[in-house]
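Residue numbering restarts at 1 for every chain, and letters A, B, ... go by the order of the sequence lines.
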Amino acid sequence: MHGSHETGSPYAPHTDDGRTAMLEAVGVETAADLFDIPAAVAFDDEFGIDARTERETRRLVRSVLERNDELTELLGRGHYGYYIPSLVDHLADRSEFLTSYTQYQPEVSQGFLQALFEYQSLLVELTGLEIANCSMYDAATALGEAATLADRVRDTSGHRVLVPDILREGRRSTLENYVAGTDLEVETYPTADGNADLEALEEIVDEETVMIYAENPTIRGTIEENLSAIGESAADAEALFVLGSDPVALSVLQRPADVGADVVIGDASVLGLPTSYGMGLGLFACRDDYLRQVPGRLVGASEDATDRRAFTLTLQTREQHIRRERATSNICTNQAWVALRTAMHAATLGPTGMVELANRGVRRADEVAQRLDDLEGVTAAVHDRHHLREFVAHVDQPAQEVADALEERGFAVHVVGEHELQLCVAGVTDEQLDAFVTAVSEVVR
Amino acid sequence: MHGSHETGSPYAPHTDDGRTAMLEAVGVETAADLFDIPAAVAFDDEFGIDARTERETRRLVRSVLERNDELTELLGRGHYGYYIPSLVDHLADRSEFLTSYTQYQPEVSQGFLQALFEYQSLLVELTGLEIANCSMYDAATALGEAATLADRVRDTSGHRVLVPDILREGRRSTLENYVAGTDLEVETYPTADGNADLEALEEIVDEETVMIYAENPTIRGTIEENLSAIGESAADAEALFVLGSDPVALSVLQRPADVGADVVIGDASVLGLPTSYGMGLGLFACRDDYLRQVPGRLVGASEDATDRRAFTLTLQTREQHIRRERATSNICTNQAWVALRTAMHAATLGPTGMVELANRGVRRADEVAQRLDDLEGVTAAVHDRHHLREFVAHVDQPAQEVADALEERGFAVHVVGEHELQLCVAGVTDEQLDAFVTAVSEVVR
Amino acid sequence: QYEPLLSEKDLTRVAIGDADAGEEGEATRVDSPLPDDLTRDSLELPELSEPELARHYTRLSQMIYGIDSGPYPLGSCTMKYNPKFTEDVAALPSAAVHPDRSERSIQGTLELLARLQDYLGRIGGMDAVTLQPPAGAAGEFVGIRVAAAYHEHNGEGHRDEVIIPESAHGTNFATAALGGYDVVSLPSNEEGRVELEALEAALSENTAALMLTNPNTLGLFERDIEEIAEMVHDVGGLLYYDGANLNALLGRARPGDMGFDVMHYNVHKTFATPHGGGGPGAGPVGVVEDLEPFLPAPRVREANGGDVDYELFDPDHTIGHVHGYQGNWLVLIKAFAYIARLGDDGLADASAKAVLNANYLASQLEYDVPYEPFHHEFVASAGEQDAADVAKRMLDYGVHPPTTKWPEIVPEALMTEPTEIESKETLDRLAAAFNAVAEEGDEVLEDAPDRTTARRIDQTSAARNPRLSWQALTDDE
Amino acid sequence: QYEPLLSEKDLTRVAIGDADAGEEGEATRVDSPLPDDLTRDSLELPELSEPELARHYTRLSQMIYGIDSGPYPLGSCTMKYNPKFTEDVAALPSAAVHPDRSERSIQGTLELLARLQDYLGRIGGMDAVTLQPPAGAAGEFVGIRVAAAYHEHNGEGHRDEVIIPESAHGTNFATAALGGYDVVSLPSNEEGRVELEALEAALSENTAALMLTNPNTLGLFERDIEEIAEMVHDVGGLLYYDGANLNALLGRARPGDMGFDVMHYNVHKTFATPHGGGGPGAGPVGVVEDLEPFLPAPRVREANGGDVDYELFDPDHTIGHVHGYQGNWLVLIKAFAYIARLGDDGLADASAKAVLNANYLASQLEYDVPYEPFHHEFVASAGEQDAADVAKRMLDYGVHPPTTKWPEIVPEALMTEPTEIESKETLDRLAAAFNAVAEEGDEVLEDAPDRTTARRIDQTSAARNPRLSWQALTDDE
């Protein structure tokens, strides 16, 4: 009755005969007899959710999602529509990858473990740090975990966590929740056009500081030019220097290890996922000093009984299922499959492709900023800073009006100030950019 | 350089070092030196085809295909938009199925061979005949192959192949090409509303007749009511009775073996493929008398060296790669992967689902015909015949005008006479049918 | 068969690097339009072609046991079949939207979220639901933070204890700790349920919450749940429901009706979104009305007039974000599709068959199952055998073993949850594997597995000498 | 590991049938709104759930060697990597159109076909192309039918012979016979090419056509092609190009420039559409201007004004249909995408590397390669060994063997075509497998394979006692 299935779960294979035999073996009349639920708390109503055929369900979801407008997104700020090679979907969707559980039985999970090991290796190369875990949820939660790591490993009795004053709300707020159970307090340091105000920062840092967080590129798409100095400040205060970045940026920007970063966090799914309403992949790498304190799962190489190389989850004594309330994090289910996709996407690009993708982000941001700057009513201050992928433009009109008008023309942009728009070129085609520049010229005219 | 690949094949993995080493081993300077082509016939021009990135290529194809109008198709006549369960795409697209070659090395092809064996078994059950091959190209070529089979196995010296006078052009013409190399001649017998005019047919059949072809359902969607009689006519003339049908129809209609069919042909991809501009899957089943004469590949069960059941292509001495000009057909590459999809689709439906799918085709054709018949200006003569999936309706206005007007409203229908439309309900949702009836009511008003 | 690492496949092309890396192969410089002092010098990663990568990942996939490989009876993990069509809907281009889009341009996304919130509320008997938590543990964290905010708001910020039964999931303890709470551990009674006297002793004016799974990890329904709820509420505490075992109860009982104040749902368990080798999942949280103002921001709701149908808003006393945006959107789509496909009947049927399957499988085993009546899962005891060894040996029979050595209340625990997706025939095959192993001796078990791609893997070596990247391997070898 | 048949998986549910089938399990009657005398009574097929089917087909797929499994050097088969993205474009909803749609409503489909015709014409040096033939052999059939129609049209219907070299693909012979022609077989000369004197002898006023592969099945370019063309044309015959080996020549030579009048293209070889376990393929046919009027109907062309850009038309002297509609449309989309992706440079590079790979691989083999200089493929001789046994043994080394025992001009032929998609490392691995087998004795070879899922399969038993369906198995066992 599966083909024309009308009631019951379409994913339960029970035949009438099978069910009867099973009930007999168990010694009950119906499955309902197996439920040991006191009448007072039993549910005898309905949810009121209609069952649908597979086709109807697909139509339902499609019809709901079609209410989303088709817009060319120039939004950026951590989420980019980089083209994902078809290979990634086809291979990552193989059900062995998609449907397997966490690799608690490594002997039948070697393929996933190896892919995660390769993901870790990718991040080790990108960051220059010795350890990368095999994922956190997203950049915000990775930042939170970095702070609790700082709390665990701090040498001082301090409590100050310094973050840039323009840290995006979701990260800041998530961080606050993660440190709510500690003595840490989140404070901000000033920035200018995204970049740290180094002097002000150096003044703020003191021995109470346990962690300094900076981003490169910054949320405004600028390249942070004082990373080494920030790193030194942190080192001087014996605070952790936590750097936020992403795999594409890390392909060309200064290697975190070279500027004194102790931890790198970020959203690694800029490779591997389309823009997915904020779904991400928390990148988390750190120095090997923190080996026993790092949150999240780690895949390590080992040997099997025949002395061949084999992979396994390792150092699990840090984790909640063993260490319970003394675990380094409460994380269990993470973003393994996204990490697989990110590793695949990076592998299809190769180092040449990754560098080129980042470089295109520099060149095209420059180019588009220049074209906008040429328009009456727009000033794209692109020459004072270096940019990757995105930049802020000043518009004479109220920015929200411009953004609304652009949205009507099919383009989504950020309003980041009364007269400031932020614009991102990554993932957008040349044709779309041409159309965008035209649209801006019409709107600001 | 693969990520940012700009020239050369993106699917050739050669490194500079590798290529150099290979050239050295072969003893030439460049690969060009390996071509042994006389200068006079060498090509030193360009094709003028631009290379594109994967993303650009996808955009190109998408933009071209988007020029196809989105229409609700009520066209039928052998091609139906039955919903294909998602499982079919996901499993058939596994690259082991999709990218493997014909199973000439059965030891590493057991999975595909078994799937084809199961496909053959499906057709054996549906037709009641003992043999089904593992595919021809489509119904038209299967009909051609049936005629050459008739030519090979005929007892008489006859040359007449009888087909219905309303046989669709593509089938008729393909048949003509297939028999062009034989003495056979294609003649027609009269039909009424799709069904064979039995009296007329019986008069036409003589000892020169080597094959009679009939369809059930007929091209007009009617159920052929005289199959047994046609079968008897054929048997009396010692001619082959070849029946055209499809897996959904065969789920409920008279079993071909029971009405004396010697061969069943048809398009099996009514399950497994969406409407694909005529791409199909030639169903070919026959009585086991023709075992040594059947065209196409056959999968058989056998045993391996450990006596375990195993599958293999068998009776290959019928085939072109061994028998050459004495082969039973010139077919080599067939439609194996489509057969896999058809078998999968049928398996997801199960017998209950297949019967229900066919029954829905009866009920809904009836229902929609009734609703149209209720409209002023439309006569859907549904009560004189039984219909499966489709029916012919008379419109008072010129049929082409009605069809054009319907197309403007988003519906594609057949014009089969000056005042006749043919309409198919299969694969169309209830909501679409409602909208269609409304559209017709507007157009004929 | 061994598959080389990507870095090993590309022996001649390991490096994109500076000139110095020349000896290792062809070095690719990192040239950039940016000034040199802002960029790195080299990038050493494998450079492989598409055919090579396709083969690499195909081969890796072949070394993984997934739900389409066979039974996967991991207790508390609810390894259901993942319907293929849910992948299709999550892959719709219209689902790919940036998190910072304007509300009016993503009405489809907001509608789907609102409808899923509604579905989950009905299923759990909860008044309000947030979809933000990206996993079960994150859901627990929301629960704990909401409880903290609630108590704080009521001037009861002094409450610093969370009570958790001994047999609870490890995440409960870790989450409470992450939230800054002291954990008070609660022993089980002889029947495997909460000991009411112990609970009485544990409860106090410092109790922030009791975290409970029901059915518990032994598969037993906490029959005293009404009393438990009353006791917790009497001291002013909140009752938290860990949704890991919700697949036992669909359509039969709802946490909200049992007196729970806050709960999470594991959509990758109960609602069949794929586990993905360890995520992404999603851990929506439902709460009773009183707790709604504390839920994470932003939330989705139907708009009250205006030019949009659905809108985002910040609850009055929100705890803020627990994720940068709105959690694992693509996973939530799949969960919505699953629920919409099954409906009332399908969901209730899934639970009924999950419970039947667990009971039937247990009835066929030679291993002892000390606690009953269990629901969707049971915990057998390997007795004199080592449960971990039993699991390794089961691999040799071509099935996936159960969760082992936990909960500790059962010696050498084999925690088994077949879910509703297995037929009697598959359960018989699984039982045969269990029973075959039950007859085998220690030597066989300790050597197991011997029919898998990799043989028994040395965990000690992995931990003592951590090699966490191919760079570490190169250094090491 | 053995996988049961679907019918065996469903032991309790084998039948949808009439009441009599009761003893075999639950019988499902075929009830229908149609009168009983027009319907069947029962339908006996397996009834399985989605999870069971997902596992069945997953397991089956695991027992298949595909191009993503490793090297696949089947001579004359051109087993290229199939780019994944071409599946995506063929799966676009806009590609799913009914064959009877109005021209104006499928301008996208017609445009794609017109552009593919244009591409193929340029690549082959042909004036007109039909895309209708659904496979290579069907393309040959079009060629033969076009030749027949052409001769008929010119009052030369008496021509009843087609000349084919001994070493040609089997389809050539079978196709000529299907077209009603007598086959005149042509021996090779010592160099492995067409013997001009023999050709001279074979040619006559009865010659309809010569069918030729170039490079031929030994991988050798027919250096005398200009002379051959002249000889054939001199007697009024046509020259047919079998496109199976076109991957040797892309951008280096074109059949049209060599004097061929008609040719087919195997898009599932040269243009990387997947082989699908034996199809679907596509065998477009290109012709010189004189033959265009005879091509199958309907054809696609740019419209000359009017309200559509592209239109269908029937050539003046068309042979009619060779397929019910327009062939394997979904395959043609993939071929178009492949060509558009690679462009001039990519296509030429593919051939260059295919030829380099063949030559490099041959240089590493211990087996003798008697004929050269070969291009994209070569035929080695297994010498004293049985070539079929060599192939079976190679399976044990985890690679796919070459085509064997053909062409017969080479004793114990190992016809090998690695294509451009293999790296030096993979070719080295493949060569190592060849060479390992070359060292092995007959006993080992005859027992091979012994490391595969199935061991050597008994062909004789399969043919002597044909069991072609599960129904036959049931009867049999």
Is it the backbone or the side chain of I223(A) that comes under 4.5 Å from a heavy atom of chain C, or both, or neither?
-> side chain

Please determine if R58(A) and D88(C) form a salt bridge, counting it only when a charged side-chain N lies under 4.0 Å from a carboxylate O.
-> yes

Relative to chain C, which segment of L291(A) carries a heavy atom at a distance below 4.5 Å: side chain, backbone, both, or neither?
-> side chain

Interchain contact, R168(A) with chain C, by part (heavy-atom threshold 4.5 Å) = side chain

Can you say whether L91(A) sits under 4.5 Å from chain C via the side chain, the backbone, both, or neither, judging by heavy atoms?
-> side chain

Can we say R323(A) and E319(A) salt-bridge, meaning some charged N sits less than 4.0 Å from an Asp/Glu carboxylate O?
-> no

Contact origin within I322(A) toward chain C - heavy atom pairs under 4.5 Å = neither

Centroid-to-centroid, Y325(C) to Y277(A), below 6.0 Å?
-> no

When you check the side-chain N and O atoms of T174(A) and N177(A), is any donor under 3.5 Å from an acceptor?
-> no

In terms of heavy-atom proximity below 4.5 Å to chain C, should H414(A) be classed as side chain, backbone, both, or neither?
-> side chain

Okay, M344(A) and chain C: the region with an atom under 4.5 Å from a heavy atom over there is both

Region of A42(A) in contact with chain C, defined by heavy-atom distances below 4.5 Å | both

Under 4.5 Å, counting heavy-atom pairs only, tell me which of A91(C), S363(C), S32(C) racks up the most with chain A.
-> S32(C)

Yes or no on salt bridge (Lys or Arg N to Asp or Glu O under 4.0 Å) for D304(A) and R456(C), after CA distance, side-chain angles and deciding distance?
-> CA-CA 5 Å; D304(A) 76 359; R456(C) 180 87 66 112; over 6 Å; no

Side chain from CB out, backbone as N, CA, C, O: work out which of these in T312(A) comes under 4.5 Å of a heavy atom of chain C, or both, or neither.
-> side chain

Side chain from CB out, backbone as N, CA, C, O: work out which of these in E118(A) comes under 4.5 Å of a heavy atom of chain C, or both, or neither.
-> both

Most contacts with chain A, counted as non-hydrogen pairs under 4.5 angstrom, among M258(C), K80(C), R145(C) = R145(C)

Would you give the length of the straight line joining atom CG of L112(C) to atom OH of Y119(C), rounded to the nearest 0.5 angstrom?
-> 9.0 Å

Between W337(A), Y137(A), F35(A), Y104(A), which residue shows the highest count of heavy-atom pairs closer than 4.5 Å to chain C?
-> F35(A)

Please report the C-alpha distance between E107(A) and K392(C) in whole Å, then the side-chain angles of each, then the deciding distance to 0.1 Å, and finally whether the salt bridge (Lys or Arg N to Asp or Glu O under 4.0 Å) criterion is met.
-> CA-CA 8 Å; E107(A) 292 85 358; K392(C) 295 297 178 204; 2.7 Å; yes

Mutual orientation of the aromatic rings belonging to H400(C) and Y72(C) [parallel < 30°, tilted 30-60°, perpendicular > 60°] = parallel

Contacting region of L75(A) [heavy-atom separation from chain C under 4.5 Å] | both

Select, from P466(C), P99(C), A174(C), G283(C), the one with the greatest count of heavy-atom pairs under 4.5 Å involving chain A.
-> P99(C)

So, the part of A327(A) with a heavy atom under 4.5 Å from chain C: the answer is side chain

Contact leader toward chain A among A138(C), P33(C), A350(C), where contacts are heavy-atom pairs under 4.5 Å = P33(C)

Verify side-chain hydrogen bond (donor to acceptor under 3.5 Å, both in side chains) between R341(C) and Y11(A), making sure each step is shown before the conclusion.
-> CA-CA 11 Å; R341(C) 170 90 171 92; Y11(A) 309 114; 3.3 Å; yes

Answer with yes or no after comparing the ring centroid distance for F112(A) and F97(A) against a 6.0 Å cut-off, counting only values under it.
-> yes

Do E303(A) and R308(A) pass the salt bridge (Lys or Arg N to Asp or Glu O under 4.0 Å) test, and can you show the C-alpha distance, the side-chain angles, and the key distance before you say yes or no?
-> CA-CA 5 Å; E303(A) 300 77 34; R308(A) 288 206 315 183; over 6 Å; no

Sorted by chain and residue number, the side-chain hydrogen bond (donor to acceptor under 3.5 Å, both in side chains) partners of S251(A) (sequence neighbours excluded) come out as none

Side chain / backbone / both / neither for E407(A) at chain C, heavy atoms under 4.5 Å = side chain

Contact part of R172(A) toward chain C, heavy-atom cut-off under 4.5 Å: side chain, backbone, both or neither?
-> neither

